[in-house]
Amino acid sequence: MRWWKVLGLAGVAGVAATGVAIARAERRRRAYTPEEIKQRLRDRVQASDEVSR
C-alpha cells in the first residue's frame with residue numbers, strides 16, 4: 001500500500017473519531033434539564049466571585 005493511501009485512511013479514521021467524540025459530548029450536554037443548567041451557571045458565577053475577591 002502506498003503512503004498516500006495510508007495517510008488517507010488515517011485521515012478518515014481521525015474524522016470518524018472526532019465525530020464520535022462530538023456526538024458523545026452533545027448527548028451528555030442535552031441530558032441536563034434547564035433547571036440543572038441554571039443551577040450550574042449560578043454555581044460557576046458564585047465560584048468565580050469567590051476567587052476574584
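Tyr32 and Leu41 end up in the same hydrophobic cluster when Ile, Leu, Val, Met, Phe, Trp and Tyr side chains are linked at under 4.5 Å.
Checking Arg40, Glu35, Arg42 one by one against Lys38, the side chain to side chain contact (heavy atoms under 4.5 Å, CB included) holds for a single residue, Arg42.
Counting only distance, with no hydrogens or angles, the side chain of Glu50 and the backbone of Ala47 share no donor-acceptor pair below 3.5 Å.
Salt-bridge formation is detected for the pair Arg30/Glu26: a Lys NZ or Arg NE/NH1/NH2 atom is positioned less than 4.0 Å from an Asp or Glu carboxylate oxygen.
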